[in-house]
> 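Structure in structure tokens, see below.
Values below: all heavy atoms of this structure, side chains included; hydrogens, waters and symmetry mates excluded. Worth saying up front: this structure is predicted, and the values here are computed from it rather than measured. Each ligand, and each atom within it, is numbered from 1 in the order the structure gives.
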Amino acid sequence: MKKVKKIAVMTSGGDSPGMNAAIRSVVRACAYYRTECVGIYRGYQGLIEGDLVPMTARSVNNIVHKGGTILKSARSKDFRTKEGRKKAYENLLEHKVDALVVIGGDGSFTGGVVFNKEYNFPIIGIPGTIDNDIFGTSHTLGYDTALNTAVEAIDKIRDTASSHNRLFFVEVMGRDAGFIALNAGVGAGAEEILIPEEDLGLERMLESLKKSRRTGKSSSIVVVAEGDKSGRNVYQLAEYVEENMPEYEVRVSVLGHMQRGGSPSCFDRVLASRLGVKAVELLIDGKTNLMVGLKDNKVTTTELEKAIKGGHTIDMDLLRVSDIMTT
Ligand code: F6P
């Protein structure tokens, strides 16, 4: 087994708060273990283009609290081609890199698995996405921060909703997963929460909103996950309710990319620090094709392929709790 003397780190796919803290952790752990470190700009695309820079412990000063990623991020089409991956491999050899840490989501891990199969190149993944849709970890980097951002935004919407007796549909991110919607919905006291994992039907939503109205609520918030499977987008949902409940003035707010920005929460910073250290230690120990994650507040590992294919499980009991809360 070849000794790992130089580790490269990249951020890939959609950025998420805590990625900088994870870069910092990888770089500092490398310095601690006297292993050289390089940063790759713009994920796999930067690797293909040879955009690599040496990093020392001092390269990552004052970034633990910053949103975004100092290494930039990208979704690379070229890395999906054999030629692109060949160029990436050549650049790693040219820079004498022995192993790679990929901070990203399932798309980034899929690229890593394919690359490892072709070139047998050691890779460890750190789950970084606000969607929390990765198997093998209770939390992905950035999810906690995004959740708090969404709750804060919905709290503000509630102020104006209640001043005007309005019903608001608030769309949150999460791709095909309802983690942000469900948890932000419960946290912000939404009357209804629509998630992709359970389609309760439009009739049920209407009934529930009518009941809220009957029992004295003058304003309401419905949180809709962007991947919701009701068959209507958030604007169509709003129209549907306006048609069936003319007594309500309805508005729509799509929170969008604000959920991806901002200073990471303390939870995300601590998680990033723990996962970065573990990733470096695993590579130095000759391990590969693993994702580091959190289970029962312990740092654990999951096979990278399983992390992608394992699917996500959402706590459906929270929907029940939400129902009880809106009594
Ligand atoms: O995966 C993170 C995420 O923010 C999803 O929640 C969302 O569906 C998607 O990325 C948006 O992608 P883009 O930034 O390319 O519009």
> Check K86 with E118, please: is the shortest side-chain N to carboxylate O separation under 4.0 Å?
no

> Would you please test F79 and F115 for ring pair (Phe, Tyr, Trp, His ring centres under 6.0 Å) and show each step?
CA-CA 9 Å; F79 197 71; F115 189 63; 5.5 Å; yes

> Salt bridge or not between D317 and R320? Use side-chain N to carboxylate O under 4.0 Å.
yes

> Does ligand 1 have an atom that lies less than 4.0 angstrom from a heavy atom of G105?
no

> Backbone or side chain, does any N or O of G14 fall under 3.5 Å from an N or O of ligand 1?
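Min N/O separation from ligand 1 is not below 3.5 Å for G14.
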
> Taking the non-hydrogen atoms of Q259, is any one of them nearer than 4.0 angstrom to ligand 1?
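Per 4.0 Å heavy-atom rule, Q259 does not contact ligand 1.
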
> Salt bridge between D98 and K5, side-chain N to carboxylate O under 4.0 Å?
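Between K5 and D98 there is no salt bridge, as every charged N stays at least 4.0 Å from the carboxylate O atoms.
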
> Before accepting this row, confirm whether a basic side-chain N of the pair K309/E305 lies closer than 4.0 Å to the acidic partner's carboxylate O.
yes

> Would you mind listing which atoms of ligand 1 come within a distance below 4.0 Å of any non-hydrogen atom of E226?
5 (C), 6 (O), 7 (C), 8 (O)

> What protein heavy atom is closest to atom 12 (O) of ligand 1, reported as residue, atom name and distance in Å?
R75 NH1, 3.5 Å

> Does L202 share a hydrophobic cluster with V234, counting links as ILVMFWY side-chain heavy atoms below 4.5 Å and allowing steps through other members?
yes

> Mind checking whether H257 contacts ligand 1 via backbone (N, CA, C, O), side chain (CB onward), both or neither, at a 4.0 Å heavy-atom cut-off?
side chain

> Could you find the nearest protein heavy atom to atom 4 (O) of ligand 1 and give me its residue, atom name and distance?
R260 NH1, 2.8 Å

> Between R213 and Y248, is NZ or CZ placed under 6.0 angstrom from the six-membered ring centre and within 45° of the ring axis?
yes

> May I ask you to list the atoms of ligand 1 that are less than 4.0 angstrom from any heavy atom of G174?
6 (O)

> Could you tell me whether D51 and R42 make a salt bridge, using a distance below 4.0 angstrom between a side-chain N and a carboxylate O?
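The answer is yes: the pair qualifies as a salt bridge.
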
> Which of the atoms of ligand 1 are close to M173, meaning less than 4.0 Å from one of its heavy atoms?
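Numbered from 1, ligand 1 contributes 4 (O), 6 (O).
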
> Identify the protein heavy atom lying closest to atom 6 (O) of ligand 1, giving its residue, its atom name and the separation to 0.1 Å.
D131 OD1, 2.7 Å

> Distance to 0.1 Å, residue and atom name: give those for the protein heavy atom nearest to atom 9 (C) of ligand 1.
R175 NH2, 3.7 Å

